[in-house]
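Structure, as structure tokens:
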Amino acid sequence: MEGTLNSGRPYNKLTSQEALVEEEHYLPSNQENQVTLSTTRPESSMNLYNLLKVSLVVLAVILLVVNIGLGVYYNKLTDNNIVRDISSEITKLQASYDAAVRSRDEAKKQLAMELSEQQVIKWELEHQSLRVKDYEKQVEKMQVDIATLKSHLPMLKEGCRHCLPGWAFMSSTCYYFPLSDTAYRVSWNEARQSCRRLGGDLAIINSREKHLGVTRLISTNQDPSRPMSQNGFWIGLRDVEEEGVWKWVDGTRLTEGFWNIGEPNNQNNEDCAAVYPKSNPFLSWNDAPCNYNLKWVCEMAPRSLR
């Protein structure tokens with residue numbers, strides 16, 4: 001057993017020696033291969049790494065340049081669009097503003113024309129209103145004239161038989177009234193002389209009927225444009241002989257007068273009597289200076305009663 005073991009051991013020794021010889025024989029070769037691998041593989045890896053690194057850097061640079069270019073182009077494109085949009089909007093706004101200004105100016109002109117036309121219409125309306133008032137006054141005067149003529153018709157009809165042409169017949173007496181607006185005004189003495197030249201004298205109003213007839217005629221023929229003091233008519237009554245003693249032209253004394261309140265007052269040496277158109281005919285007499293210029297009333301006896 002021991003021999004077996006011994007015989008086995010040399011065998012093991014021999015085997016291990018041959019293995020060692022083989023290992024020694026192949027060791028250089030393996031070492032050489034190992035050295036070769038160890039020397040060539042790191043350099044290749046480094047080259048590949050550097051190449052990859054450079055490629056990545058170049059690619060990054062290219063991408064950066066492309067990105068920058070695209071950004072610049074996009075910015076330019078965007079800026080140009082915005083500028084164009086803003087310019088377009090400004091142009092539109094300017095056009096709208098110009099149109100609004102033109103519309104405003106036209107509206108101002110139209111308003112000025114309308115105001116001017118309105119002012120002209122206002123003036124024309126005032127003018128027409130004045131004309132209407134004048135026409136109304138003329139109509140009123142015509143109506144008064146018509147009423148006067150109608151009231152004169154009976155007197156004229158009777159006057160044609162009893163009085164001279166132009167004289168009116170009232171209360172059995174012929175009366176002459178210079179009622180026309182163009183008739184001149186004279187003093188009391190001149191009025192009496194005119195009546196005498198016509199064949200009569202200044203009127204003697206010594207009854208209620210005569211007084212109402214005379215005041216009715218002069219009231220319907222008064223001139224409203226003249227002051228009341230110029231619308232009087234001389235009558236044949238005065239107090240020149242004795243102050244306060246009033247006598248008619250035929251020498252008879254006044255028994256009943258139709259004086260206004262406070263008259264006669266002999267203010268400014270008023271010695272002649274005149275009748276005025278008043279709404280109350282019983283307050284229509286005033287005393288006045290004899291040289292004052294007024295119209296007058298003449299009377300004459302009718303022809304059939306002479």
Side-chain angles (χ1 to χ4, degrees), residues 155 159 162-164 166-180 183-223 226-302 305-306:
M155 295 184 292
H162 303 293
C163 305
L164 296 175
W167 291 64
F169 186 72
M170 294 187 306
S171 301
S172 302
T173 305
C174 296
Y175 291 95
Y176 173 76
F177 298 84
L179 298 173
S180 174
Y184 56 91
R185 290 166 172 78
V186 298
S187 65
W188 189 93
N189 288 324
E190 291 172 336
R192 187 176 188 190
Q193 290 175 7
S194 177
C195 292
R196 285 180 172 180
R197 284 194 298 267
L198 295 175
D201 205 337
L202 285 173
I204 298 174
I205 306 176
N206 54 7
S207 69
R208 176 180 180 275
E209 290 74 16
K210 288 182 179 181
H211 174 69
L212 292 178
V214 169
T215 55
R216 187 180 301 113
L217 276 177
I218 65 175
S219 294
T220 55
N221 289 275
Q222 65 173 320
D223 185 0
R226 290 181 175 274
M228 183 61 67
S229 60
Q230 297 181 9
N231 282 330
F233 289 76
W234 292 124
I235 57 177
L237 182 67
R238 60 180 180 171
D239 66 346
V240 293
E241 295 179 357
E242 183 181 353
E243 182 60 37
V245 179
W246 293 87
K247 292 183 179 181
W248 295 105
V249 290
D250 62 357
T252 59
R253 292 187 62 172
L254 175 68
T255 56
E256 181 183 4
F258 303 95
W259 301 102
N260 193 7
I261 298 175
E263 300 291 340
N265 55 16
N266 195 35
Q267 187 177 3
N268 298 323
N269 194 23
E270 299 172 338
D271 293 329
C272 293
V275 58
Y276 291 83
K278 294 290 187 66
S279 58
N280 185 351
F282 297 98
L283 301 174
S284 58
W285 288 8
N286 278 44
D287 59 343
C290 296
N291 60 357
Y292 201 70
N293 293 329
L294 295 174
K295 293 182 180 182
W296 63 96
V297 181
C298 298
E299 73 170 25
M300 180 190 298
L305 301 178
R306 291 177 184 174

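Sequential numbering from 1 along the given sequence is applied to the chain's residues. Keep in mind it's a predicted model, so treat the numbers as computed, not measured.
Residues satisfying the salt bridge (charged side-chain N to carboxylate O under 4.0 Å, His left out) test with E241, not counting sequence neighbours, are K247. The side chain to side chain contact (heavy atoms under 4.5 Å, CB included) check on T255 picks up nothing, with sequence neighbours excluded. Evaluation of the ring pair (Phe, Tyr, Trp, His ring centres under 6.0 Å) rule for W259 yields W246, W285 as partners, not counting sequence neighbours. Partners of N189 under the side-chain hydrogen bond (donor to acceptor under 3.5 Å, both in side chains) rule, at least two apart in sequence or in another chain, do not exist in this structure.
Closest non-hydrogen pair, D287 versus N265, comes out as OD2-N, 3.1 Å. Taking every heavy atom of both residues into account, A203 and Y175 meet most closely at CB-CE2, 4.1 Å. Residues P302 and T173 come closest through the heavy atom pair CD-CA, 4.1 Å. Considering all non-hydrogen atoms of both residues, S187 and C290 come closest at CB-O, 3.4 Å. The minimum heavy-atom distance between T215 and S284, with the atom names listed, is CG2-OG, 3.7 Å. In plain terms, the two heavy atoms of C163 and F169 that are nearest each other are SG-CD1, 3.8 Å.
Here CZ of R216 is found 8.0 Å from CE of M170. Values are rounded to the nearest 0.5 Å. Note that CG of D201 is 13.5 Å distant from CH2 of W296, once rounded to the nearest 0.5 Å. Expressed to the nearest 0.5 Å, how far OH of Y176 lies from OG of S194 amounts to 6.5 Å. To the nearest 0.5 Å, atoms CG (L202) and SG (C298) are separated by 6.0 Å.
Sorted by first and then second residue, the side chain to side chain donor-acceptor pair (under 3.5 Å) pairs involving residues 266-278 (not counting sequence neighbours) are E243-N266. Sorted by first and then second residue, the salt bridge (Lys or Arg N to Asp or Glu O under 4.0 Å) pairs with a member in residues 203-213 form an empty list; sequence neighbours excluded.
With N206 contributing its side chain and L254 its backbone, the two residues share no donor-acceptor pair below 3.5 Å. A distance-only check finds a donor-acceptor pair linking the side chain of W188 to the backbone of I235 [under 3.5 Å]. Panel note: side chain T252, backbone W248; no donor-acceptor pair is recorded below 3.5 Å. Here the side chain of W234 pairs no donor or acceptor atom with the backbone of E190 at under 3.5 angstrom.
Taking 4.5 Å as the limit, every side-chain heavy atom of H211 sits out of range of all side-chain heavy atoms of E256. The shortest distance between side-chain heavy atoms of F258 and E263 does not fall below 4.5 Å.
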Open item on the list: Evaluate L198 against W167 for side-chain contact (heavy atoms from CB on, under 4.5 Å), listing each step before the verdict.
Closed with: CA-CA 10 Å; L198 295 175; W167 291 64; 3.8 Å; yes

